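To start, the structure under review is shown below, and the notes come after it.
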Amino acid sequence: MAKLDHRLVDVLGDRTAKVLYDAFAIKTVGDLLHHYPRRYMVRGELSDIAELKEGDEVTILAEVFASTTRQIRGRKGSILEVIVTDGSDKLSLTFFNQAWREKELKVGAQGLFAGKVGLFNKKKQLAHPDYQMIADGSDVDNAVDKFAGKYLPVYSATSKLPSWKITQCMEMAIASLDEVEDYLPDEVRNAHNFPTLQQALVQLHTPADLDHADAARERLTFDEAFLLQLMLVLRKAQLRKLDSVSRKTKSGGILEAFDAALPFELTGGQKNITAEIENDLAQSHPMHRLLQGEVGSGKTIVALRAMLAVVDSGGQAALLAPTEVLAAQHLRTFEKLLGPLAHGGMLDAPTTATQVALITGSQNAAARKSALSLAASGEAGIIIGTHALLGEKIEFSDLGLIVVDEQHRFGVEQRDALKEKAVKPPHLLVMTATPIPRTVAMTVFGDLDVSTLRELPLGRSPITTHVISVLEKPAFLDRAWARISEEVAQGYQAYVVAPRISASENENSDIDFLFGEESKDISSVEELAPRLAGEALAGLRVADLHGRQSAEVKDATMRAFAAGEIDVLVSTTVIEVGVDVANATVMVVMDADRFGVSQLHQLRGRVGRGTSPGLCLLVTNSPPDSPARARLDAVAETLDGFELSRIDLEQRREGDVLGASQSGTRSHLRLLRVLRDEELIERARADAEGIISASPDLSSYPGLAQEIAQLAKDASTDYLDKG
Ligand code: ADP
Ligand code: MG
C-alpha cells in the first residue's frame, strides 16, 4: 500500500511515472493526487456525436461503422481510419502506424472512445483516442461506469498524456492508497464539516456525485488558505519572540514639540494608527506593521511621528524611499514640518532637536561624507535615503526603526540588508500607497499587522475625473490645455503625464495623428513638453521631468515646481507615487489607457492635495466599448482606491495578484483565488490563529507541524524571510 510520499514509479511503473514526471513534474503519489481535475464531464454528455465541438474533451459511446487502413503517400507509414456512430452522427478516429488496432476495432463492435475533438478536412475527428471495447454480451452500463465513472474528471493534459490516461493513473494510485493521515486538526475539520483528507482526495478524482466533488474541492481549497495562514501566523508569533529595544515616547521630547507645532489636526485615523504604532514601539519585540492608505490620506506624518518617537528614546530611524525624487521630497517635507527641531547642533535649536540626513547614490562626495558621519555618530536621528542606504559603508549609531515607503518597490533582501545595520532587530513600518482588499493584504502581508487609513484630511475637495476620448471628440484635447491655462491663470499648477520619455522608445502613440504628420509623437515627454510650451501652453512656464535626467536636474525641477516657479510639469510616471505639491490642481494623462487602474488612481492623487478642487483628465484613443475604456470609466467613476485595486487585481492572473513575494508558495496554491475566496480565507485565518494560540509551536499538532515544515522547505527561503 502506498503513502502520499511514496514514489510513483513503485505504483505505476517506470514508463508511466516518467511520462507524468516529464509532463507535470509529478514524482510522488501525493503529487499525482494534487493534480486536480479542472472540471467533470457528466455521463449524460457522453454519447452525442452530433453535438461535439472542436477542442472538447469527450468520451463517447459508439459502434464501429467502418474501418480502413491506407499507406501515407510518399512516406513510410499507414493511417487507420475508423468511423464510429452513435446514431446521432458519425465520427472518424485516426491512428498512425497502428494498423494492428483494426483487429480490435471490428465493424459492429461497441466501445467507449475518449479524446479531444479535432478538425481535419473540416471533419470532426479524434486522433489517437483512448478506447475501451465492450465485449459482446457484457453489460454496457457497467462498462460505461467502469470506463468513465459517472463523473469523468477532466485534467490539464498534454498530447502525450491525455486526460483519460491521467484518470487511469489516479484510479490506480487511489486503489493502492494506504490510509492517509489528515494533518487538519479534528476540531477544525469538524467545525466546517469537511471530509477527511483521504475522502477529499478520493472524491475529487472519483466523485460519487458533484456534491461530493464540491465538498472535496472546498476542503482542499481551505487547506491551501489554512496552511498559508498558519505559516504566516507562526512567523508572526516567532517575531514576537525576538528581542528588540523598546522605544517609549517621553514627555517633553521632540514628538511633543512636533505635535505642538503641527499646523493642522491629525485625522481620526491618523490618531488611532499613531496610537497603535506607539504601543508597538514600546514593546520589547519588533513591530512589523503595514500602513496602507488611500492616496493623500497622510501616511507621511504618521511615519514621521513614529520616527520621532524612536528619536525620543535615543534611537535613530531610517526612511527608505524608492526614488531620489521622493527621498528629496521627504527631506524637504521633514525639514519644513520640523523647523528648528531639525536643527540639532545649531545655536537656534531647541534641546530636543535632532538632524535629518539624506543619503542618495548621486550626491556629491562632500554631502555624502557629512551624511555618513551624521548617521554613524547618531547626530542624525532621522536618515532618509534611497537604495544607497543599503550600502556597506553606511553605519548607524543605534538604528531602532526602519520605515519603507512604497514597499512594493523594494524586495525582501533590501529590507533585510537594512535590518542588519541595527544591533538588535529593529522595528519595521512598511507603507504602501496602493490600498489592497483585506484578504489580499492578509495573504500577501499576513505576517504583518495592518493599519489602514481610509479617510482624507478635512477640507479636501474631491478630485473630478473625466475621460477625454480624442477619437470621438478631438477638440476636447484643446479644451484640456485650455483648462490648464485657466488654472495657471488663477495661480495654480498642473501636471501633464506621458507614458514615454522619448518618441523613439516605442511604437507611435494612438493619438499622434492629431498633430499631423510632422509631429511624430505627443505621448513622449521630450516631444510633448516643447510642443506645449510653443503652442497650446505658450507663455506658461513648462518644464519636463523624467527618469533619464540626473538626480540634480530632477531635484532642482521638483524644488522649482514645489516653489511655484514652474506652472506645468510634463512628466513620466516618476511622479506617480508620493509627490506632494498642494498647489497643483490639474492633471492631464496622455494615452491614459496605457496605465493600470491603480496607477491612474495614484497619479491623480497628485492633484487635489490642497483645499482647491482637483481635476484629472484621462486622454485616450481607445474606442467607447473597449475594455481599456471601461477601465478608464471605472477610474473616473470612483475615488475609492480599494475598489479600484480590486478591479485592477481581478484582471490579473493569480500569481500576479500575490506578487513575487509569494513565489515560493505559489505552486502550493492551486485552487485558492484570493479575491473569490475571501470568506474562506477569513475563516482559515481565524482557525490558524486559534491553533497557534492553543499551541504556539504546534507541538500539540505534530501532523500539522510536519506539513508546515514540508511547505516551508518547498517554499523559497526568500518567502519565509519576508518582513
Ligand atoms: P499619502 O498618504 O498619499 O502619502 P501624504 O502623507 O503625502 O499622503 O499627505 C498628503 C498631504 O496632506 C500632505 O501635504 C500632508 O501635509 C497633508 N496632511 C496630512 N495629514 C493632514 C491632516 N491631518 N490635516 C491636513 N493636512 C494633512
Ligand atoms: Mg506618500
Side-chain angles (χ1 to χ4, degrees), residues 255 258-275 277 289-308 319-323 325-339 341-342 382 384 403-409 429-436 450-463 492-493 495 558-559 561-564 573-585 587 598-614 616 639-642 644-645:
L255 182 56
F258 172 79
D259 283 345
L262 200 60
F264 45 72
E265 196 180 344
L266 297 181
T267 64
Q270 285 173 322
K271 282 183 191 154
N272 291 342
I273 293 175
T274 284
I277 291 177
R289 189 170 283 279
L290 169 74
L291 171 56
Q292 66 165 342
E294 191 51 270
V295 184
S297 59
K299 295 183 287 290
T300 314
I301 283 170
V302 173
L304 177 56
R305 291 192 77 257
M307 298 170 90
L308 294 175
L319 171 61
L320 191 56
T323 62
V325 167
L326 224 46
Q329 176 187 284
H330 280 313
L331 178 68
R332 285 195 303 275
T333 306
F334 286 10
E335 283 177 337
K336 198 173 98 197
L337 287 169
L338 286 166
L341 290 173
I382 294 177
I384 301 170
V403 180
V404 183
D405 194 16
E406 313 303 350
Q407 63 74 33
H408 63 283
R409 304 283 177 105
L429 179 67
V430 302
M431 302 199 284
T432 171
T434 309
I436 52 176
V450 181
S451 299
T452 305
L453 261 185
R454 281 179 179 272
E455 73 192 292
L456 301 185
L458 279 178
R460 293 273 175 82
S461 351
I463 307 165
Y492 296 116
Q493 291 160 278
Y495 296 99
M558 271 321 293
R559 274 176 195 273
F561 189 65
T573 53
V574 287
I575 58 141
E576 175 192 345
V577 287
V579 167
D580 184 36
V581 176
N583 194 49
T585 51
M587 171 176 287
S598 289
Q599 205 181 8
L600 289 169
H601 184 57
Q602 275 304 318
L603 279 169
R604 78 172 155 188
R606 301 312 112 209
V607 298
R609 299 197 137 227
T611 45
S612 332
C616 176
L639 286 170
D640 183 341
F642 288 87
L644 290 171
S645 107

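These values consider heavy atoms only, across backbone and side chains, with no hydrogens, waters or symmetry-generated copies. All ligand and atom numbering here is 1-based and tracks the order in the structure. Being a predicted model, the structure only gives us computed values, none of them experimental.
Although no hydrogens or angles enter the test, the distance criterion places a donor-acceptor pair under 3.5 Å between the side chain of Glu294 and the main chain of Gly641. Here the side chain of Glu455 pairs no donor or acceptor atom with the backbone of Thr267 at under 3.5 angstrom.
Distances from atom 25 (C) of ligand 1 to the heavy atoms of Gly605, Ala303, Pro457 put Pro457 nearest. Between the choices Thr300, Asp580, Asp405, the shortest heavy-atom distance to atom 6 (O) of ligand 1 belongs to Thr300.
Close contacts of ligand 1 with Thr267, meaning ligand atoms under 4.0 Å from a residue heavy atom, involve 23 (N). Heavy-atom contacts of Leu266 reach the following atoms of ligand 1: 23 (N) (cutoff under 4.0 Å). Which parts of ligand 1 touch Glu265 is read off a 4.0 Å heavy-atom cut-off, strictly below it: atoms 22 (C), 23 (N), 24 (N).
Taken to the nearest 0.5 Å, the CG atom of Asp580 stands 7.0 Å off from the OG1 atom of Thr300. To the nearest 0.5 Å, atom NZ of residue Lys299 and atom CD of residue Gln292 are 9.0 Å apart.
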Q: Apply side chain to side chain contact (heavy atoms under 4.5 Å, CB included) to the pair Ile463 and Leu639, showing each step before the final yes or no.
A: CA-CA 8 Å; Ile463 307 165; Leu639 286 170; 4.1 Å; yes

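Remark: distances from the non-hydrogen atoms of Ala582 to ligand 1 are all 4.0 Å or more. At least one heavy atom of Ser297 sits under 4.0 Å from some atom of ligand 1.
For Glu335, the CD atom sits in a packed shell: over 12 heavy atoms of surrounding residues, nucleotides or ligands are nearer than 6.0 Å.
Note: no N/O pair closer than 3.5 Å links Ile301 and ligand 1 by distance alone. Every N/O-N/O distance between Phe264 and ligand 1 stays at or above 3.5 Å.
In this structure, Arg305 pairs ionically with Asp259, as a charged nitrogen and a carboxylate oxygen lie closer than 4.0 Å.
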